[in-house]
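Data first, discussion second: the structure below is written as structure tokens.
Each chain gets a letter, A, B and so on, in the order the sequences are listed, and its residues count up from 1.
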Amino acid sequence: MAYRTRMLAAALAAVMAGFPALADDGKIVVGFATAASGFMEAYDKPAQDAAMIRIDEINAAGGLLGKKIEVVSADTKSDRAEGAKAGLSVIDKGADLVVVSCDYDFGAPAALAAEDARLVSFFLCAESVKAGIQGVGPHSFSASVLAAVQGATMAEWSFKQKNAKTYYRLLDTWTEYNKGICDGFDWMMPKLEAQGAKLVGKDTFKNDDASIAAQITRIKSLPQEPDAIMLCTMMPGAVSAIKQIRAAGINSMILNGSGVDGSYWLSAVPDLSNFYTPVQGSIYGDDPNPAVQTFNATYKKKTGTDPSSQYVYPGYSMIDVWAKAVERAKTTEVDAVVAELEKMKGEPTLFGPRTFTAELHHQNSARYLIAETKMGKPGIVGEWTISEPVPMSALVK
Amino acid sequence: MLQIIFDSLSLGSLYALGALGIALIFGVMRLVNFAHGDVIAFCIFALLWPSTDAMAIVFAGQLPWYLLVPLVLIVGAGLSVLCEITVFRHFRRANPATMMIASFALGFVIRYFLLMLFTSRPKSISLLPMLSQPVEIFGARLPLLQLITIVATVFILIGLSLFLRRTRFGLEMRAAAENFSMARMLGVRANRVIMGAFALSGALAGAIALIFGSQTGTADIQMGASIMLMAFIATVIGGLGSLAGAVLAGFLLGAASVVMQVMLPVDARPFRDAFVYGAVILVLLLRPQGLIAARGTKERV
């Protein structure tokens, strides 16, 4: 008798393990395998809060496929080994969508766990081409825009709208993100050179270099100050580089990736001017889309602070596009959802149109707002979409 | 050319000050203090009000410079002495490897304490903003801060060597560095000398924090690590325990780094540090005891 009971229990357990989704059919589960502690928390938390806002909106409007979206989470503790465990943990809790850390390196372990379990995974704001099919598998997506698009956008926009002619490229070799920005810039530059622009020099530095005096000396020894400096870097080294460039009396336009968005660091470089950043939406209260300003207000109400940079926004668009795909597929079944996501061509979101294809689960072209910082005050001065998408050959160098 | 010399000197100053802070402590107690970098970070964060917001709340950082500078130096010295009293004092008879591990652990404690209060997000702080203007000198245009860094380092070095050579405390410290047990037998009070070394080393960390903070405008809990690494290498090539060697090697490292950046072709520049470290290995192969070997550290047969 005991033997038979045990057999039955074992069989039941096997069946349950095989169909975790069937066990709780009255709800749809979004699992966050993100950092709730450690250094990644500062980057994951804001985007996750934005995702929660979209989830709350959907639930308030009656849910998804008539079911409530439930949220489960596990802390990656900003550690790659813990990341894989956190991924498994939210999968065990029945996640239909696994949301992973902002950065490719830190999000990949959980995304791979989701891929093994045949679930859709979304990087909160990774901007490397690896965050998706190339680095994880066919069910993985990223909610942000490729770094290369940022570099290409700034190059083309400054040439077409600001009449910049001479460019200087300064790359911080610390991360793939930085290299991505410059890869996009390098891909765009020959096209602009055919129209009269000129790249007058290149140099590199490292994010934690105590000083970039030698690099600055090289810029200063050019016969003429370049019109624009493409600065491919990120925090915290970005502030140091910008401060040193301006302290040396170089007043060229500084073009950046989105990583330097936000006014929280501007106190370090008083009265900074002629400084440009591509952003998905404006945190400065001047977004051309009033719905973004409504979002900012909601964010402030829920979290008690204003968005500190544009990196809160991808979290919101992520839930938005995923929920639309689920709605259209009429199921959370993974292949159907991925197929619907891959059908999206210029799908409108609060923060610009989004496109996914069977080759690329990331944005290789996007509408960017351009934020200009003038006398220490950032504000939106225009928007730009690159004339053609960044090709795969420029992305996987 | 002149510009390159100034660039090398200012970067070398940072490394030299860091190396000196490590060499001072190594001299009196054979401890490689890996917490030194975190003391540097702490000095900067001491100017901010603890908060987890992205925007830094500048607190003591708004003081006028004549109060700010001594305050940071005192914070550095105070924390360093506190480390010695609470931790290192209990490791007096431990072997150097144990003490080194303890210093690693202490560094982590300081870093995670900062992480808890301020989060990992780097904070921006405008420290001594009047130094971020270019000045013209002998035809080279350089940031005022670079000039001040070089001048301040020279003054610190002169002051320190006067202190070590002309005062009784300095004499005791040099005696302790040369042969600690002999010095004790001759009546040098060990704890006092060691505490003095920690205070000086902490104040040097404060000086680096000020220079680094005004140069980068950033307070980051990891900021001490890169300087600490370079400073440690400088103390090793300078000859462990030799103060003059540490300073010399600090300046050489700064110069090597700048010269490599200038000379290397653009494709090789991302590997600049590999070349710098290659040069370090070469120096150590040729002079394993360091550029200027300290008398007390030689093996006696």
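Scanning all heavy atoms of the two residues, the minimum distance from A:Arg218 to B:Val262 falls at NH2-O, 2.6 Å. For A:Thr204 against B:Pro270, the heavy-atom pair with the smallest separation is OG1-N, 3.6 Å. For the pair A:Ser240 and B:Thr218, the tightest heavy-atom approach, listed with the atom from each and the gap, is N-OG1, 4.4 Å. Closest approach of B:Ser124 to A:Ser267, counting heavy atoms only: O-OG, 3.8 Å. Residues B:Gly217 and A:Ala268 share a closest heavy-atom pair of O-CB, 3.2 Å.
From A:Gln244, atom CD reaches atom CD of B:Gln146 across 8.5 Å, with rounding to the nearest 0.5 Å. Rounded to the nearest 0.5 angstrom, B:Phe271 CZ and A:Thr173 OG1 are separated by 8.5 Å. Taken from CG in A:Asp271 to OG in B:Ser126, the straight-line distance is 9.5 Å, to the nearest 0.5 Å. Here the OG1 atom belonging to B:Thr216 is positioned 12.0 Å from the CG atom belonging to A:Asp209, to the nearest 0.5 angstrom.
Environment of NZ in A:Lys220: crowded, with over 12 heavy atoms of neighbouring residues, nucleotides or ligands closer than 6.0 Å. Within a 6.0 Å sphere centred on NZ of A:Lys45, heavy atoms belonging to other residues, nucleotides or ligands number 12 at most. For A:Lys198, the NZ atom counts as loosely surrounded, since its 6.0 Å shell holds 12 or fewer non-hydrogen atoms of other residues, nucleotides or ligands.
In terms of heavy-atom pairs under 4.5 Å with chain B, the best-connected choice from A:Met40, A:Arg246, A:Gln215 is A:Gln215.
Side chains of A:Lys243 and B:Leu145 form no contact here, defined as non-hydrogen atoms less than 4.5 Å apart.
Of residues 204-211 of chain B, no residue lies under 4.5 Å from chain A by any heavy-atom pair.
When the options B:Asp7, B:Val258, B:Leu2 are evaluated for a side-chain contact (heavy atoms from CB on, under 4.5 Å) with A:Thr217, the one that passes is B:Asp7.
With a threshold of 4.5 angstrom between heavy atoms, B:Ile125 approaches chain A through N, CA, C or O but not through any side-chain atom. Proximity to chain A (any heavy atom under 4.5 Å) is shown, for B:Ser8, by neither the backbone nor the side chain.
Of the possible polar contacts, one joining the B:Gln215 side chain to the A:Ala210 backbone as a donor-acceptor pair under 3.5 Å is found. Side chain of B:Arg272 to backbone of A:Phe205: no donor-acceptor contact under 3.5 angstrom is found.
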For residues 107-117 of chain B, dump all side-chain donor-acceptor pairs below 3.5 Å to protein atoms at least two apart in sequence or in another chain.
from     : atom 1 : to      : atom 2 : distance (Å)
B:Arg111 : NE     : B:Asp38 : OD1    : 3.0
B:Arg111 : NH2    : B:Asp38 : OD1    : 3.4

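With sequence neighbours left out, A:Ala228 forms a side chain to side chain contact (heavy atoms under 4.5 Å, CB included) with A:Ala164, A:Tyr167, A:Met253, A:Leu255.
Residue pairs meeting the salt bridge (Lys or Arg N to Asp or Glu O under 4.0 Å) criterion with at least one member in residues 251-269 of chain B, sequence neighbours excluded: A:Asp203-B:Arg269.
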